[in-house]
Amino acid sequence: MRKTLFLSILCAALLFASCDEKDVAATADTVTETSSEPTYIKEGERITITSMQEWANFNYDGNFTDNCKSFLLMFIEGNSKFAEFETVKLGKWQMIRDEEVYGYSLAFNFTVTESKLETLPIGEYKTIVTDAVDCYMTFDSAAPTFLKNEVTVLSSASEAVCDWINATYSWSVPEYGKATDEMQLTALNYFIDRYGEDGKILDYKFKELLSDKLGVVVNEDLFGELYEVKDKQLYIKRDIHMGVTDFAVIGEEEKEGVTTVTVQFFADCNRFIKSDVVEYYIDKEERIIGCERIYFSDYEPYGVTNLFDEKS
């Protein structure tokens, strides 16, 4: 009888001890979670988050687009059409919105702990992200995307190439004397930007330039709606064509009167991913006489097309 009573008391004591241990463990877990750093902080109009689970609170008014969210996730989670971002791992990061300081943009500060992407090596970065059609990232110090071999003081030949790309949004040019009607229309903006004034160019001057710089005769039927008479003179107006691209001149070499201008294109507007490399050939009279793509990337150049070279 006494043995039975003793065993009952012992079992009860063990049971209560086990329950106490579980309660202590649960309490410890609760304390740990409570003492962790907050992932959402609001100080007046300033909001800071350190977790994408707080995105809805951060973007409470819809100021930032889904495109902006996807851009940020490219860094945080490696979700991108560019496979190189899968190698980028972040440690701590934070996003801050404060209209008085950043306007409608946001601050994105982060630490890269692992990376095989040469344009975003291991380190700490402070940036401003502007949410537009494409998101732009501005670094508060020297950007890691800067090319050491970029030519910053351009020759007249390189300036002609840059003007061509920015006006036509085509990385390719036709061989001299082989320009199509489509090319004439696209090249109009190039001639207006480079040789015109106030968004237009005199008709006779355009004909002269088209013949001299590209070696073709103008097809007047193409420009019917763009003709304008002002002060008894006939002009051709700029064709509205908007776009954005990014590229860098990385080489210039003059030989026998022809300058070879080498251009590095990028696959994104922030220069994280390199695209094709193209050589352009410009003579002493700034005639663009042809081009050749010398490096083929896995990614198409951002913001430009291949309008004229059917072989590429």
Side-chain angles (χ1 to χ4, degrees), residues 32-33 36-41 46-98 102 104-150 243-248 250 264-277 295-304:
T32 300
E33 184 177 343
S36 64
E37 296 181 3
T39 56
Y40 173 87
I41 300 174
R46 172 173 287 217
I47 297 176
T48 303
I49 64 170
T50 57
S51 169
M52 287 305 286
Q53 291 182 348
E54 301 289 357
W55 177 258
N57 293 324
F58 184 81
N59 193 32
Y60 65 92
D61 57 353
N63 180 70
F64 304 106
T65 64
D66 289 341
N67 183 53
C68 181
K69 181 181 179 181
S70 297
F71 177 76
L72 295 165
L73 287 174
M74 182 170 70
F75 298 87
I76 297 169
E77 298 181 358
N79 294 335
S80 172
K81 64 181 180 181
F82 305 120
E84 290 81 354
F85 270 93
E86 294 177 3
T87 72
V88 177
K89 308 298 180 185
L90 299 193
K92 291 185 177 180
W93 62 265
Q94 64 174 195
M95 290 177 207
I96 307 169
R97 65 176 297 182
D98 186 333
Y102 308 114
Y104 294 106
S105 299
L106 62 87
F108 181 42
N109 306 322
F110 56 94
T111 300
V112 176
T113 57
E114 296 180 35
S115 177
K116 293 183 181 179
L117 181 58
E118 62 178 345
T119 51
L120 194 62
I122 293 172
E124 295 184 0
Y125 301 97
K126 291 185 177 181
T127 73
I128 303 296
V129 175
T130 301
D131 184 11
V133 175
D134 294 295
C135 290
Y136 289 88
M137 176 174 280
T138 306
F139 292 82
D140 76 336
S141 56
T145 54
F146 177 75
L147 297 181
K148 293 181 180 179
N149 61 339
E150 181 171 356
V244 179
T245 186
D246 206 339
F247 57 91
I250 58 173
Q264 170 71 69
F265 285 94
F266 300 94
D268 68 299
C269 62
N270 291 290
R271 297 191 172 195
F272 286 112
I273 306 296
K274 292 179 181 179
S275 183
D276 299 344
V277 178
Y295 175 75
F296 290 76
S297 168
D298 291 335
Y299 306 108
E300 290 295 321
Y302 165 80
V304 293

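Enclosure of atom CG in N149 by more than 12 non-hydrogen atoms of other residues, nucleotides or ligands within 6.0 angstrom is indicated.
Sorted by first and then second residue, the salt bridge (Lys or Arg N to Asp or Glu O under 4.0 Å) pairs with a member in residues 131-145 form an empty list; sequence neighbours excluded.
Legend: residues meeting side-chain contact (heavy atoms from CB on, under 4.5 Å) with S70, ordered by chain and number and at least two apart, are absent. Evaluation of the side chain to side chain donor-acceptor pair (under 3.5 Å) rule for N63 yields no partner, not counting sequence neighbours. With sequence neighbours left out, F265 forms a ring-ring contact (aromatic ring centres under 6.0 Å, His included) with F247. Scored by the side-chain contact (heavy atoms from CB on, under 4.5 Å) test, Y60 finds I47, R97 as partners (sequence neighbours excluded). Applying the side chain to side chain donor-acceptor pair (under 3.5 Å) test to E150 and every residue at least two apart in sequence or in another chain returns R271. Remark: A143 pairs with F139, T145 by the side-chain contact (heavy atoms from CB on, under 4.5 Å) rule, at least two apart or across chains. The side chain to side chain donor-acceptor pair (under 3.5 Å) search around T138 returns none, not counting sequence neighbours. By the side-chain contact (heavy atoms from CB on, under 4.5 Å) test, N109 pairs with Q94, I96, K126, sequence neighbours left out. Under the side chain to side chain donor-acceptor pair (under 3.5 Å) criterion, T113 pairs with no residue at all, not counting sequence neighbours.
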Derivation of the side chain to side chain contact (heavy atoms under 4.5 Å, CB included) call for L147 and F266: CA-CA 11 Å; L147 297 181; F266 300 94; 3.6 Å; yes

Check against side chain to side chain contact (heavy atoms under 4.5 Å, CB included), I273 and L117: CA-CA 8 Å; I273 306 296; L117 181 58; 3.8 Å; yes

Audit row: M95, E54, side chain to side chain contact (heavy atoms under 4.5 Å, CB included) steps and yes/no: CA-CA 10 Å; M95 290 177 207; E54 301 289 357; over 6 Å; no

Intermediate values then yes/no, side chain to side chain contact (heavy atoms under 4.5 Å, CB included), C68 and N59: CA-CA 11 Å; C68 181; N59 193 32; over 6 Å; no

Please table the atom pairs, donor to acceptor, closer than 3.5 Å between any side-chain atom in residues 71-82 and protein atoms at least two apart or in another chain.
residue : atom : partner : partner atom : Å
E77     : OE1  : N79     : ND2          : 2.9
S80     : OG   : F82     : N            : 2.9

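For the atom pair CH2 of W93 and OG of S51, the computed distance is 6.0 Å after rounding to the nearest 0.5 Å. Between Y136 atom OH and T130 atom OG1 the span is 9.5 Å, to the nearest 0.5 Å. Atom CZ of residue F58 and atom CZ of residue F64 lie 5.0 Å apart, to the nearest 0.5 angstrom. Separation of atoms CZ (F108) and CD1 (I128) is listed at 12.0 Å; rounding is to 0.5 Å. The OG1 atom of T50 sits 7.0 Å away from the CD1 atom of I41 when rounded to the nearest 0.5 Å.
Looking at heavy atoms from C-beta onward, Y125 lies out of side-chain contact with M137 at the 4.5 angstrom threshold. Put simply, the side chain of V88 reaches to within 4.5 Å of the side chain of S115, judged on heavy atoms.
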